[in-house]
S.K.: 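A single structure is presented below for examination.
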Amino acid sequence: MKTFITDDFLLYNETAKDLYHNTAKHLPIIDYHNHLNQEEILQDKNYTNLSEIWLAGDHYKWRAMRANGIDEAYITGDKSDYEKFLAWAKTVPNTFGNPLYHWTHLELLRYFDIDEVLNEETAPAIWEEAKRKLATPEMSVRSLLEKDKVEFVGTTDDPTDDLASHIQLAKEGFSANVSPSFRPDKGLGIEKEDFLPWVEKLGQVTNVTLETYDAFLDALASRVDYFDEHGCRSSDHGINVLFYEKASKDEVSAIFVKRLKGEALSAKEIDQFKTYTLLSLGELYADKGWAMQLHISPLRNNNTKMFKKLGPDSGFDSIGDPLVADKLSGLLDSMEEKGKLPKTILYSLNANDYNVLAAMAGNYQNAEIPGKVQFGTAWWFNDTIDGMEDQMKTLANIGLISNFIGMLTDSRSFLSLSRHEYFRRILCNLLGTWVEEGKVPKDMALLEKYVRGICHENAKQYFAI
């Protein structure tokens, strides 16, 4: 059976079709936050089969397979790649309404020219055809990025990383700018078991024994300098529960030493350390002209049994529900008061926070950078048709959608870059619907300006690409 993805997929009016086919479709991609493997870009890797490029590490698909009653052996276990693919093919027909259904067929069509619905009957032929094409030079990682006209890739990198792949890619002059992003979560997680080993590693990388908080901050600053030297444009922070607890530097210094000694910390002390450290980092980001991304409200590792078996990022995270407004205001306002608030992007996994984030962003705008504080795109569980529309409508209701920096994949898969097409179709249809409903004028020049900005130009300016 042929797929449902026509040229006018998700485009339900003439204005939407015009905007997509004549403008959005042709724009380069800036994917400013993802978890792509920079070493695979450097190696120009060819994947061997669909399971390797599709299923390995994709906890979105893993969750759907578990919900479909698939045994774990066919998901993260010891079954063969082909058996795992067949288990996914069995699951796909049950995913109506889930973006996975659209993404799966969009990727088959765009990258493999396979215009067939995936199910148990079509799976063997699809497997063989995809395997044949994956072996060709046209399906190497760099070729995929070039095919998608990817201009910028923002990977996610620990401050202790040496960035060797980024450095080599820059030397080679690869067409896409593969930029590191500074992700210091382990340096803020003072309450976690891996904090002390990470501090030791940071000390090794910076050739300093980190016995004081001043030395710790200096080491972080040196890594910010290092990342900046190698093309970093942004930081990224995963924040399960927002924090804001004022403290003096002397108090935080004592908390740091206390943790080095293995002593227990109170909840207040933990938040004091996190607050002071993030505010200090924010000042560094502002000085560098970086953007600071705050990913708020995931509830991670809910299934203890499976966490012990498989570790993090295995499909057992969900949506948290902490209050965010007061503490977020405290963090942003403290940086703004010093004149050191960096460009900031606010995401929440909880759609209940959308109005809060959109309104909060409006408190800290300025004349120098349009949309300096962004209400970020629909993320993770919200990365759906409804979720993306809701995020954009909320932004338009409360702020200015014209300055929105648009879509990111947050993905580990190179095939996920096709989600930019998905987003662009949804955006064009939303704008076209507003025209058809008489909510905005059919000023095609202005509408095209919106599309170019949201899909490409705003992010290019925001990240100084």
Side-chain angles (χ1 to χ4, degrees), residues 33 156-160 181-192 194-195 198-199 202 210 213-225 227-228 232-256 259 265-298 300 320 322-349 353 356-357 360-361 363-364 372-374 376:
H33 173 68
T156 303
D157 308 274
D158 189 272
T160 62
S181 299
F182 191 79
R183 178 83 177 231
D185 290 1
K186 291 182 178 178
L188 270 72
I190 192 170
E191 78 282 14
K192 296 185 176 179
D194 60 0
F195 178 75
W198 189 84
V199 170
L202 178 63
L210 303 183
Y213 185 61
D214 276 331
F216 176 73
L217 288 181
D218 288 344
L220 286 173
S222 73
R223 298 310 291 170
V224 168
D225 288 341
F227 271 58
D228 192 64
C232 183
R233 299 287 201 286
S234 69
S235 70
D236 182 43
H237 297 264
I239 302 176
N240 294 2
V241 179
L242 266 172
F243 46 81
Y244 182 72
E245 191 69 54
K246 288 185 176 181
S248 67
K249 189 175 185 183
D250 287 344
E251 288 175 309
V252 178
S253 297
I255 292 166
F256 181 77
R259 181 68 178 93
L265 302 179
S266 67
K268 180 178 180 179
E269 288 174 322
I270 292 168
D271 283 353
Q272 286 176 320
F273 174 84
K274 290 182 176 183
T275 300
Y276 197 99
T277 304
L278 181 56
L279 295 178
S280 299
L281 286 169
E283 293 185 20
L284 298 176
Y285 305 155
D287 289 341
K288 298 295 185 185
W290 289 6
M292 177 175 68
Q293 302 182 74
L294 302 181
H295 283 88
I296 303 165
S297 293
R300 298 187 183 274
L323 297 176
V324 303
D326 290 351
K327 292 177 181 178
L328 181 58
S329 175
L331 288 170
L332 300 182
D333 197 52
S334 293
M335 288 181 255
E336 176 73 3
E337 200 169 14
K338 286 187 174 182
K340 295 288 187 177
L341 176 65
K343 292 177 288 188
T344 301
I345 311 170
L346 306 173
Y347 314 86
S348 179
L349 199 54
D353 296 335
V356 172
L357 297 192
M360 188 65 69
N363 294 328
Y364 300 102
K372 177 181 178 179
V373 179
Q374 289 272 326

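Just so you know, residue 1 is the first one in the sequence shown, and it goes up from there. Computed from heavy atoms alone, side chains included, the values below leave out hydrogens, waters and symmetry copies.
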S.K.: Decide side-chain contact (heavy atoms from CB on, under 4.5 Å) for Lys340 and Asp287; before the verdict, give the C-alpha distance in whole Å, the side-chain angles of both, and the deciding distance to 0.1 Å.
M.R.: CA-CA 7 Å; Lys340 295 288 187 177; Asp287 289 341; 2.5 Å; yes

S.K.: What I want to find out is whether Asp194 reaches Lys192 closely enough, with some N-O distance under 4.0 Å, to be called a salt bridge.
M.R.: no

S.K.: How close do Phe216 and Leu210 get, counting heavy atoms only, and between which atoms?
M.R.: N-CD2, 4.1 Å

S.K.: For the residue pair Tyr276 and Ser248, what are the closest heavy atoms and their distance?
M.R.: CE1-C, 4.1 Å

S.K.: Atom NZ in Lys288, atom OG in Ser235: separation rounded to 0.5 Å?
M.R.: 13.5 Å

S.K.: Using the benzene-type ring in the case of Trp, are the ring centres of Phe273 and Phe195 under 6.0 Å apart?
M.R.: yes

S.K.: For Cys232, is there any backbone N or O sitting under 3.5 Å from a side-chain donor or acceptor partner on Trp290?
M.R.: yes

S.K.: Sequence neighbours left out, what passes side-chain hydrogen bond (donor to acceptor under 3.5 Å, both in side chains) with Thr275? Give chain and number order.
M.R.: none

S.K.: Roughly how far, to the nearest 0.5 Å, is the NE2 atom of His33 from the CD1 atom of Ile345?
M.R.: 9.5 Å

S.K.: Provide the closest heavy-atom pair for Pro184 versus His237 in the form atom of the first, atom of the second, distance.
M.R.: CG-CE1, 3.4 Å

S.K.: For atom NZ of Lys372, is the number of surrounding heavy atoms from other residues, nucleotides or ligands below 6.0 Å larger than 12?
M.R.: yes

S.K.: Is there a side-chain contact between Leu357 and Leu328, using heavy atoms and a 4.5 Å cut-off?
M.R.: yes

S.K.: Would you check if Ser297 and Asp353 make a side-chain contact, meaning some heavy-atom pair closer than 4.5 Å?
M.R.: yes

S.K.: For the residue pair Asp214 and Lys249, establish whether any side-chain heavy-atom pair is separated by less than 4.5 Å.
M.R.: yes

S.K.: Can you label the angle between the Tyr347 ring and the His295 ring as parallel, tilted or perpendicular, going by 30° and 60°?
M.R.: parallel

S.K.: Salt bridge or not between Glu191 and Lys274? Use side-chain N to carboxylate O under 4.0 Å.
M.R.: yes

